Amino acid sequence: GAVVSQHPSWVICKSGTSVKIECRSLDFQATTMFWYRQFPKQSLMLMATSNEGSKATYEQGVEKDKFLINHASLTLSTLTVTSAHPEDSSFYICSARPPRGQGRTDTQYFGPGTRLTVL
Amino acid sequence: SQQGEEDPQALSIQEGENATMNCSYKTSINNLQWYRQNSGRGLVHLILIRSNEREKHSGRLRVTLDTSKKSSSLLITASRAADTASYFCATGHNNAGNMLTFGGGTRLMVKP
């Protein structure tokens with residue numbers, strides 16, 4: 001099956017630093033990747049849709065200058081949380097959707113998530 | 001805003017019993033998917049049901065979809081302690097690159 005990895009799995013940082021999270025599709029090319037945020041005991045909230053080679057589409061209320069997304073290749077998307085603050089502490093999950101002809105495009109394959117703790 | 005609303009928010013049952021979780025949504029959908037998430041872990045895709053389907057089975061899982069009521073249910077039969085997890089429904093839409101909108105989730109605890 002399709003595998004999506006995330007790195008790191010857990011990061012602790014000081015307030016004010018920037019943190020980069022990587023999302024990789026390991027055995028398929030992903031033209032579209034999605035970034036979600038999940039607070040404890042809550043559901044996933046879509047932050048942005050990342051398309052390879054173009055600018056990401058951010059959901060309402062998500063600051064694009066705060067959460068920088070780069071989808072430079074068909075297997076890698078990165079989310080950078082800039083100048084992180086304690087309220088940014090959350091579980092960040094990415095998902096990837098294979099292009100047409102390479103599997104089910106109506107299913108997203110999820111990474112294991114990255115837990116960010118900002119002190 | 002989240003489209004899907006799930007109930008119950010939490011469910012506790014004994015091993016061997018069946019667990020039923022419900023999901024309601026508001027706008028039209030292309031498909032509805034159910035996911036499972038163990039505490040602090042990523043999501044595992046369980047089952048997808050399309051808008052023109054009414055029922056689907058996968059092992060001990062049974063999903064129904066009623067588009068007239070804009071609702072779906074997930075039934076887990078003969079539950080096991082290992083089924084303890086959070087279960088989310090997500091609605092898929094034709095637009096926006098088939099974006100998924102997640103419900104609030106049901107936390108299921110199966111006691112041995």
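Chain naming here is simple, since letters A, B, ... match the order of the sequence lines and numbering starts at 1 in each. Keep in mind it's a predicted model, so treat the numbers as computed, not measured.
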Looking at CG of B/L100 and OG1 of A/T49, how far apart are the two atoms once the value is rounded to the nearest 0.5 Å? 10.0 Å
Interatomic distance, CG@B/L43 vs OH@A/Y36, rounded to 0.5 Å, equals 9.0 Å
Closest heavy-atom pair and its distance - B/G40, A/F91: O-CZ, 3.5 Å
B/G104 to A/S43 - nearest heavy-atom pair and separation: CA-CB, 3.7 Å
What residue in A/Q60, A/Q6, A/K41, A/Q38 has the most heavy-atom pairs under 4.5 Å with chain B? A/Q38
Please indicate whether B/R80 has more than 12 foreign heavy atoms, meaning atoms of other residues, nucleotides or ligands, lying under 6.0 Å from its CZ. no
Side chains of A/F110 and B/V44: closer than 4.5 Å at any heavy-atom pair? no
Indicate if A/L68 and A/I21 have the same hydrophobic cluster label, given that clusters are the connected sets of ILVMFWY residues with side-chain heavy-atom separations under 4.5 angstrom. no
So with a 6.0 Å cut-off around NE2 of B/H57, is the heavy-atom count from everything else above 12? yes
Rounded to the nearest 0.5 angstrom, the OG-CZ distance for A/S9 and B/R41 is 10.0 Å
Can you say whether A/E59 sits under 4.5 Å from chain B via the side chain, the backbone, both, or neither, judging by heavy atoms? side chain
Joint cluster assignment, A/M33 & B/Y35, ILVMFWY side-chain distance < 4.5 Å: no
In terms of hydrophobic clustering (I, L, V, M, F, W, Y; side-chain heavy atoms under 4.5 Å; direct or indirect links), are A/L74 and A/W35 co-clustered? no
Walk me through it: do B/Q37 and A/I93 pass the test side chain to side chain contact (heavy atoms under 4.5 Å, CB included)? CA-CA 12 Å; B/Q37 183 183 37; A/I93 303 174; 3.9 Å; yes
Counting neighbours of CD on B/Q9 that are heavy atoms of other residues, nucleotides or ligands and sit closer than 6.0 Å, is the number greater than 12? no
Cluster overlap A/L116 with A/V4, hydrophobic side-chain contacts below 4.5 Å: no
